[in-house]
2 protein chains.
Amino acid sequence: MTAFDPDSSTPAYRQIAAILRERIADGTYPPARMLPSIERLRQEYGVARNTARKVLDTLVDEGLAYTEPGMGTYVMDAEHERG
Amino acid sequence: MTAFDPDSSTPAYRQIAAILRERIADGTYPPARMLPSIERLRQEYGVARNTARKVLDTLVDEGLAYTEPGMGTYVMDAEHERG
DNA sequence: TTTCATTTGTCCGTATGTATT
DNA sequence: AAATACATACGGACAAATGAA
């Protein structure tokens, strides 16, 4: 289990991304499940919008999630797999 | 030749990224050449630091460039090719 | 060693636009 | 129309890395 520590030398956005990555891997967030929104992450971890944003961007860049504008960011699934 | 138009519906960071992408492709910026710094892009296109930043991030994400912290962002070359 | 300038890294706050429900 | 959620962009601040003087 990974915990968030705002005083760690590891950047906040990487810590939070690691936590979500872990939950995707263990099935807490299964494929096609919507991940916490930017606003939700902001509230939960006390970070700025831009920081929460970067968390989701990171996961999308890694191919672990995809974004539907106006909808949310979801765990990657077979229907959205990218080549 | 692509020009930058701040009033275009195409986001500024994408327009500028397209310009740099073009210059990488045509050899204006050859492999291992340092790309314009964030500050340089800011001055040249009149955009905010974060916007200029996103331009370089985009090219790095695409594998067209790589960053050396404290040094600059360079055009991808054989020595830095990623698998 | 120290200092300085340059450049990237992270983070905050705010504003506005676009898309979907 | 309203609520939710992402997209873009501005501004500012401070830290860390590097290289040069």
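Worth knowing before you read on, the calculation uses all heavy atoms, side chains too, and leaves out hydrogens, waters and symmetry mates. Reminder, nothing fancy here: chain letters follow the sequence lines and each chain counts from 1.
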Contacts under 3.5 angstrom, residues 55-65 of chain B side chains, donor-acceptor by atom type, not counting sequence neighbours:
residue: B:Thr58; atom: OG1; partner: B:Lys54; partner atom: O; Å: 2.7
residue: B:Glu62; atom: OE1; partner: B:Arg21; partner atom: NE; Å: 3.0
residue: B:Glu62; atom: OE2; partner: B:Arg21; partner atom: NH2; Å: 3.0

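As a whole-Å value, the separation of B:Tyr66 OH from C:dG9 P is 14 Å. Whole-Å rounding puts the B:Asp57 CG to C:dG9 C1' distance at 10 Å.
Using cut-offs of 30° and 60° on the angle between ring planes, the pair A:Tyr45 and A:Phe4 is perpendicular.
Scored by the salt bridge (charged side-chain N to carboxylate O under 4.0 Å, His left out) test, B:Arg33 finds no partners at all (sequence neighbours excluded).
Between the side chain of B:Gln15 and the backbone N or O of B:Asp5 there is at least one donor-acceptor pair closer than 3.5 Å. In this structure a side-chain-to-backbone donor-acceptor pair under 3.5 Å is missing from B:Glu81 to B:Met76. Remark: side-chain polar atoms of A:Thr67 are not paired, donor with acceptor, to backbone N or O of A:Pro69 under 3.5 angstrom.
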Exercise for the section: Assess whether side chain to side chain contact (heavy atoms under 4.5 Å, CB included) is satisfied between A:Met71 and A:Met34, documenting all intermediate values. Expected result: CA-CA 9 Å; A:Met71 295 281 287; A:Met34 182 182 166; over 6 Å; no
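Using N1 to N3 plus N6-O4 or O6-N4 for Watson-Crick, or N1-O2 and O6-N3 for G-U wobble, each under 3.5 Å, D:dA1 pairs with nothing.
With a cutoff of under 4.0 Å to any heavy atom of chain B, the contacted region of DNA chain D is bounded 5' to 3' by D:dT8 to D:dG19.
Side-chain contact annotation: A:Asp77 with A:Tyr66, donor-acceptor N/O pair under 3.5 Å present. Side-chain atoms of B:Thr2 and B:Glu22 form a donor-acceptor pair, as typed in the model, at a separation below 3.5 Å.
Within the 4.5 Å cutoff, side-chain heavy atoms of A:His80 are placed close to those of A:Glu68. You'll find the side chain of A:Pro31 stays beyond 4.5 Å of the side chain of A:Tyr74, heavy atoms only.
Of all the residues in residues 38-53 of chain A, A:Ile38, A:Asn50, A:Arg53 reach under 4.0 Å from DNA chain D with at least one non-hydrogen atom. In the region residues 12-19 of chain A, proximity to DNA chain C at under 4.0 angstrom, judged on heavy atoms, holds for A:Ala12, A:Tyr13, A:Arg14.
Residue A:Thr73 holds its OG1 atom at 6.5 Å from CD1 of A:Ile38, rounded to the nearest 0.5 Å. For the atom pair CD1 (A:Ile19) and CD (A:Glu44), the distance works out to 8.5 Å, reported to the nearest 0.5 Å.
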Problem - Annotated protein contacts, base or backbone, on nucleotides 16-21 of chain C with a non-hydrogen cut-off under 4.0 Å, one of B, S, - each - result: ---BSS
